[in-house]
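Note sheet for the following structure.
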Amino acid sequence: ATQLALWKLLNDYGVADNDIDGLNGNESAMLFMEFSEYGEILTYQPKLSELKLEGEMTFSFNAKDGRWHSEPLTLVEPEHYHGLYELTLPDGVTTLHNLTHVYGNEEYELVSDHEVGRDETFAIKANIAWLKDFKQYSPSPDIEVNGKKFQHMAGSVIEQTALYAQFQHNMEETGSLSVSKILVGNNTGQSFVFQLWFPDKWISGVYGDMEFTDGFTQFELKHGETKTATHLPAGEKYYLAEITNGDYYIESENNTGIIPKNQTIAATFTNIPLPELTVGKVVTGEQGDPHKVFTFTIELKDKNGKPVSGFFEYWGTVIKSGHTDKVEVPEDGELNFVGGKAQVKLSHGQQITLISLPYQSAYTITEQEENE
């Protein structure tokens, strides 16, 4: 079959004595003939300028596997190049499927186990075969054996051209965000819950100490602890909040902002216990009536001097002293401050403790019966 196809090819090029009336239905011969007529062989010297890299050589951190990925890339080559392009990559960088080469016009992706440096080299090289000439080769001298001469032969002059190119690459700009917890006063060992989210960048995966889902994460911190999210997209807006503040006044720093490029922004949450106020009554002297009920007016103002309104819980207790034996404990409850004022009734030995009052608030207490 090969013989028949070559004869047909030689005849097509006008080489004498190679005419074949037919191929007698030989399927293999027909296949060879088809390739001889339509074979995609490059017939000119390839040039580097005809290659084009589609896609950005920009590496971005992928939180799902903790590695840096390029965008999908394609080395576009002209028809008939059929190049096998060997990759020259930095240590720790390979294709997604761990190949050391790629084919033209096929998509691939580069993956790095580290943050790629600016001075690291990315290059491709290939030896492209091409048809320089097509020649007829004739026996010399014209030898005859048993009345038959050697046939003329057709041959291709094939050469190879080496192509080599380096590619520029970029790194996606990233930054980090650390969150720290400080508790003023006694360290109770309590955990505080935080939420961090990116409204415009729905990242998912593990970024340093935090794991995100669709741009959102929730985590806990105790006094003195810090967690840091790394490789966050620079230039993106974030919101950070503590959602279990309990009976604390919270001072925060950098609870919202923009992730800086190649820097770490530090957010700090300081919890200060909210103040409590205890009001108690003691009656002394021989004329004192331990069963009489006394009325107290409590006036509250915030740190700016404005009246405080609203409901505040209190606990009822007994004053621990030698004058308060057999005293009935007042029930727990709440006081409603209207226009900054509320009243409570107490008898000898009783007291209440208002909890979670406004931070840095001021108070004044008067007893209605003090002049009786």
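We use all heavy atoms of the structure for the numbers below, so side chains are in, but hydrogens, waters and symmetry mates are not. Starting from 1, each residue takes its place in the sequence as its number.
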Ring centroid separation Tyr207 to His231 under 6.0 Å | no

Counting heavy atoms not belonging to [X], are there more than 12 under 6.0 Å from its [atom1]?
| X | atom1 | answer |
| --- | --- | --- |
| Trp130 | CH2 | yes |
| Glu144 | CD | yes |
| Glu109 | CD | yes |
| Gln360 | CD | yes |
| Lys261 | NZ | no |
| Asn262 | CG | yes |
| Tyr103 | OH | no |

Any [X] side-chain heavy atom under 4.5 Å of [Y] side chain:
| X | Y | value |
| --- | --- | --- |
| Tyr248 | Ile272 | no |
| Asn255 | Phe269 | yes |
| Thr58 | Met171 | no |
| Thr297 | Val344 | no |
| Thr88 | Ile124 | no |
| Val193 | Glu242 | no |
| Trp197 | Thr217 | no |
| Asn127 | Tyr85 | no |

Take Phe219 and Phe194 through the ring-ring contact (aromatic ring centres under 6.0 Å, His included) test and state the conclusion after the steps.
-> CA-CA 5 Å; Phe219 56 95; Phe194 294 85; 5.6 Å; yes

Judged by modelled atom types alone, do [X] and [Y] share a side-chain donor-acceptor pair under 3.5 Å?
| X | Y | answer |
| --- | --- | --- |
| Glu120 | His114 | yes |
| Thr278 | Thr353 | yes |
| Trp68 | Ser60 | no |

Going through the checks in order, is the side-chain contact (heavy atoms from CB on, under 4.5 Å) test met by Leu177 and Thr264?
-> CA-CA 5 Å; Leu177 172 66; Thr264 299; over 6 Å; no

same_hphob_cluster([X], [Y]) at 4.5 Å side-chain heavy-atom cutoff:
| X | Y | answer |
| --- | --- | --- |
| Phe216 | Phe198 | no |
| Trp202 | Tyr239 | no |
| Ile352 | Trp315 | no |
| Leu51 | Phe167 | yes |
| Leu357 | Tyr363 | yes |

Rounded to the nearest 0.5 Å, what separates atom [atom1] in [X] from atom [atom2] in [Y]?
| X | Y | atom1 | atom2 | value |
| --- | --- | --- | --- | --- |
| Gln195 | Gln218 | CD | CD | 4.5 Å |
| His97 | Leu99 | NE2 | CG | 7.5 Å |
| Lys132 | Leu42 | NZ | CG | 14.0 Å |
| Leu73 | Leu96 | CG | CG | 11.5 Å |
| Ser112 | Asp91 | OG | CG | 10.0 Å |
| Ile265 | Ser176 | CD1 | OG | 11.0 Å |

Residues Thr268, Glu253; criterion side chain to side chain donor-acceptor pair (under 3.5 Å); working and verdict | CA-CA 5 Å; Thr268 303; Glu253 182 180 357; 4.5 Å; no

On a heavy-atom basis, which atom in [X] and which in [Y] lie closest, and how many Å separate them?
| X | Y | value |
| --- | --- | --- |
| Val102 | Thr95 | CG1-CG2, 4.3 Å |
| Pro260 | Ala234 | O-CB, 4.0 Å |
| Pro275 | Pro358 | CG-O, 3.4 Å |
| Val308 | Lys301 | CG2-C, 3.6 Å |
| Pro46 | Leu163 | O-CD2, 4.1 Å |

Give a yes or no on whether the backbone of [Y] and the side-chain of [X] come within a donor-acceptor separation of less than 3.5 Å.
| X | Y | value |
| --- | --- | --- |
| Asn186 | Thr188 | no |
| Thr74 | Val76 | no |
| Asn62 | His69 | no |
| Glu77 | Gly83 | yes |
| Ser70 | Leu110 | yes |
| Asn254 | Ala266 | yes |
| His348 | Val283 | yes |
| Asp302 | Asn304 | yes |
| Thr256 | Tyr238 | yes |
| His169 | Gly117 | yes |

Do the charged groups of Lys181 and Glu225 touch, with an N to O distance under 4.0 Å?
-> no

Determine, for Glu369 against Lys292, whether the closest basic-nitrogen to carboxylate-oxygen distance falls under 4.0 angstrom.
-> no

Cation-pi geometry met for Lys281 and Phe294 (6.0 Å, 45°) | yes

Report the C-alpha separation of Glu86 and Thr100 in whole Å, then their side-chain angles, then the decisive distance to 0.1 Å, and conclude whether the side-chain contact (heavy atoms from CB on, under 4.5 Å) test is met.
-> CA-CA 6 Å; Glu86 296 182 15; Thr100 58; over 6 Å; no

Can Arg118 and Asn170 be said to form a side-chain contact (heavy atoms from CB on, under 4.5 Å), step by step?
-> CA-CA 7 Å; Arg118 300 293 183 187; Asn170 298 301; 4.0 Å; yes

side-chain contact (heavy atoms from CB on, under 4.5 Å) between Ile298 and Leu277, worked out = CA-CA 10 Å; Ile298 305 173; Leu277 175 63; 4.1 Å; yes

Check the pair Thr226 / Ser180 against side chain to side chain donor-acceptor pair (under 3.5 Å), numbers first and verdict last.
-> CA-CA 4 Å; Thr226 298; Ser180 301; 2.7 Å; yes

Check the pair Glu220 / Lys227 against salt bridge (charged side-chain N to carboxylate O under 4.0 Å, His left out), numbers first and verdict last.
-> CA-CA 9 Å; Glu220 295 183 4; Lys227 286 190 176 182; over 6 Å; no

